[in-house]
Number of protein chains: 2
Amino acid sequence: MEEKESIGVGLMGLGVVGGGVAKVLLERSDALARQAGCNLRLKKVLVRDADKPRSVTLDSSLITCDPQQILSDPDIGIVIEVMGGEQPALDYAKQALLGGKYVVTANKEVMAKYMAELLEMAAQEGVGILYEASVGGGIPLLLPLQEGLLANEIRAIYAIINGTTNYILTKMSSEGLSFGDALREAQQLGYAEADPSNDVEGTDALYKLAILASSAFHTTVRPDDIYCQGITSIGERDFRYAKELGYEIKLLAIAKKVGGSIEVRVHPAFVPTDYLLAKVDGVYNAVQIEGDLVGKVLFYGEGAGSSPTSSAIVANVIAAAKAIKRSEAMVTARRAVGAPAASVVGRLSNPAMTIKPMAEVETRYYLRMSIADRPGVLAQISGILGDRSISIASAIQKEADAVAQTAEIVLMTHPAREEFMQQALRDMERLPVVKEISNFIRVEG
Amino acid sequence: MEEKESIGVGLMGLGVVGGGVAKVLLERSDALARQAGCNLRLKKVLVRDADKPRSVTLDSSLITCDPQQILSDPDIGIVIEVMGGEQPALDYAKQALLGGKYVVTANKEVMAKYMAELLEMAAQEGVGILYEASVGGGIPLLLPLQEGLLANEIRAIYAIINGTTNYILTKMSSEGLSFGDALREAQQLGYAEADPSNDVEGTDALYKLAILASSAFHTTVRPDDIYCQGITSIGERDFRYAKELGYEIKLLAIAKKVGGSIEVRVHPAFVPTDYLLAKVDGVYNAVQIEGDLVGKVLFYGEGAGSSPTSSAIVANVIAAAKAIKRSEAMVTARRAVGAPAASVVGRLSNPAMTIKPMAEVETRYYLRMSIADRPGVLAQISGILGDRSISIASAIQKEADAVAQTAEIVLMTHPAREEFMQQALRDMERLPVVKEISNFIRVEG
């Protein structure tokens, strides 16, 4: 029987992650060959500028600026895409799949937007697209969702999946920094980009949540389906009250089955300090998955960086290599009996589920506002909340400003429907005694 | 091409876990068939006493007291072993493998003692033995070790893998209970057995560590290789000092590569309170795995119970069913070309590694002793420690007992070699000024 002794690998992108992947493939080739059952030979690396100096030293014959040197090479069975961005990455991934190649990608934007289409294309071609590295760096997340927990109905995911914002929130919480100062520190350490909006506005977390939710519920959850609010409006004072009330503030990505529909949202949230998620600090990520059999399981680790991401990519490359070897053996054997090749990967098999509009979501709320420091104000506020069936669980009034004659009041509500809370906020803003609604943060757990 | 429409499943054991597994297999048969690509048909359930009343209602035709009804049935392709204990579980597992059946087991004792032999037997027979449920209940642990993290060299595992002891230690820490009171509470809640020695002496954690370490290092780590100390000697006062010094006390299972050898040990340990492991409370389990690429990842969840364990077992059953379908297809196709069937599972492929003797292990130490309340005592103690090159990092002296003229002293050392510390302890015990060495706990992190 004829089996390939080695599988050609093409690498698209040689940035921080690509450099790490190349290093692992080259330096550990023996160990990886043992794991995969065949050699993984790095054949070509696509770069934009062949002359750019790089941290990883590669034989110049490996480097190319022409994507077809990878996409049209019949000896390349696995394409690793670590270029990032939507285009041309998406086109390359499709070309690779249509050319019968496995694709391993770290591209959250492409996977969040086109997962169903790409999985379908891969299944039709009898190959696969593997994307463990697109969420949570090296933490195995999709593997448990797709294999380890598949006897479960997944009920909810609560995740801290953006290291930049978690670093900023941790610094604000532990050192009392302002958002701006914490952001500057993150930028100096290389944890945040010069333009940090993709992280601090929640977009990065939103893409990752779309991938996690689609994988968990076996249905398409689109980025557009997800409510998203970043962390730019969180103030030092919010952390002070959060602590006083027994909470940390985290940017949570939440996907939750409620009846026949799903809630998907990214926003800052009060998390009780005794929850493990509240204790996830700095650039670390954590994903809590709730299954009906397993209960709550949590996966924690570094959510980014060259080495952790390479760990996930190379694991996927080995899985792809094993699948290639299996189907080669099958095809060779079947040539004699003329049976069709089996498809190798799953599609998103469940029918589309209704996405619950944010207006209908129920949570508890933390409200901080500046009010006139005189009797009867709380009665007016609780009147407005009461009109919307929102009841107050606790209230703190503090620090009267004698000159401006204002006080700060903090309210924690019982569970209430988002649309009623938004209406109440608008009504309260119109009250003459309310000087400012300073912040409004949802409470989980 | 001929493919089986359904795979017969035999269940050995119908206790708490077996009942849960039967329930999942019967109630979710449609969903599981979709996942596995074929029906999983529960054909027979082995019990000791057919007339015993049970929580799960099974058709009486399913029940048998004769193991051969499962082991000799050619229609049964997967045997689930949830009887527990070494025999006859081991014999049944071997018979099943030799009969060409996949085995899915939750049996930590059998896997800890016979993993290499069973994996070898399975590989020879072209089948597999899957044991995710033997460690950490439903938390996917072996799946990440065997697939998600396989590009890594695993450097260390720090694990809380016995829920009973973690419950007892949590109660002692949070409520100031004595060991005896916390144990009684655990027994009343069903978290500890009437004879709790298997848990509180560390044996259960030791078996699980043997499985984790063997799987992580791809080599045989035997239960006998593991140093083991339980939690029975931990006192309320130790918790008080631990808190004062910034630690929690946890029963840790540790496997660590140091140079060419491995350390494997189960013992109570001081864990810094800001470590995530220190925050794992109650019956929950957590396993921290350190890989050279991925850094530290942590997996957390319920480590026992019917539903979580069923989650792991049924995931393994589906994996076995997929492997059976693949090899059936391969065999059918290959009949024409006469190629041999590929082996399906891995053996422990690395050569045996040296187990570092406990005497050579280095950790920091916490020491609590009762001493004569007079000048110069600390000088004598630090002299003995100094003779063994053990230096003191901090000391607390407290609560002189005026009547007995004794004081309590607590020492934290810098890293020291276990054998030197043991020698120093013996020397100190002989000092007239030392009334009692009350406790001695290793410090990790």
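In what follows, chains are A, B, ... by sequence order, proteins preceding strands, each numbered from 1. Values below: all heavy atoms of this structure, side chains included; hydrogens, waters and symmetry mates excluded. The structure displayed is predicted, hence computed values, not measured ones.
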| query | Under a 4.5 Å heavy-atom cutoff, which of A:Asp292, A:Val280, A:Asp274 has the most pairs with chain B? | reply | A:Asp292
| remark: In terms of heavy-atom pairs under 4.5 Å with chain A, the winner among B:Pro308, B:Gly291, B:Ala319 is B:Pro308
| remark: Of B:Leu276, B:Ile289, B:Ile139, the largest count of non-hydrogen pairs under 4.5 angstrom with chain A goes to B:Leu276
| Given a strict heavy-atom distance threshold of 4.5 Å, which part of B:Glu302 is in contact with chain A: side chain, backbone, both, or neither? | both
| said: Please output the residues of residues 16-27 of chain B in contact with chain A, using a heavy-atom cutoff of under 4.5 Å, in numerical order. | reply: B:Val24
| request: List the steps and the verdict of side chain to side chain contact (heavy atoms under 4.5 Å, CB included) for A:Ser311 and B:Leu149. | output: CA-CA 7 Å; A:Ser311 169; B:Leu149 302 175; 4.3 Å; yes
| field | Point-to-point distance, once rounded to the nearest 0.5 Å, from OG of B:Ser310 to CG of A:Asn152 | value | 10.0 Å
| side chain to side chain contact (heavy atoms under 4.5 Å, CB included) between B:Leu293 and A:Arg28, worked out | CA-CA 12 Å; B:Leu293 294 174; A:Arg28 305 194 176 187; 3.7 Å; yes
| note | Correct closest heavy-atom pair for B:Leu150 and A:Lys322 would be CD2-NZ, 4.4 Å
| request: Look up atom CD in B:Glu147 and atom CG in A:Asn316, then write down how far apart they are to the nearest 0.5 Å. | output: 10.5 Å
| query | B:Leu143 versus chain A, heavy atoms under 4.5 Å apart: side chain, backbone, both or neither? | reply | both
| Considering only heavy atoms from C-beta outward, does the side chain of A:Val297 approach that of B:Phe299 to under 4.5 Å? | no
| request: Measure across B:Ala151 and A:Ala315 and return the closest heavy-atom pair with its distance rounded to 0.1 Å. | output: CB-N, 4.4 Å
| request: Please state whether the side chain, the backbone, both or neither of B:Leu32 comes within less than 4.5 Å of a heavy atom of chain A. | output: side chain
| said: If I take atom NZ from residue A:Lys296 and atom OH from residue B:Tyr300, how far apart are they, to the nearest 0.5 angstrom? | reply: 8.0 Å
| note | Under 4.5 Å to a heavy atom of chain B? For A:Ile318 that would be side chain
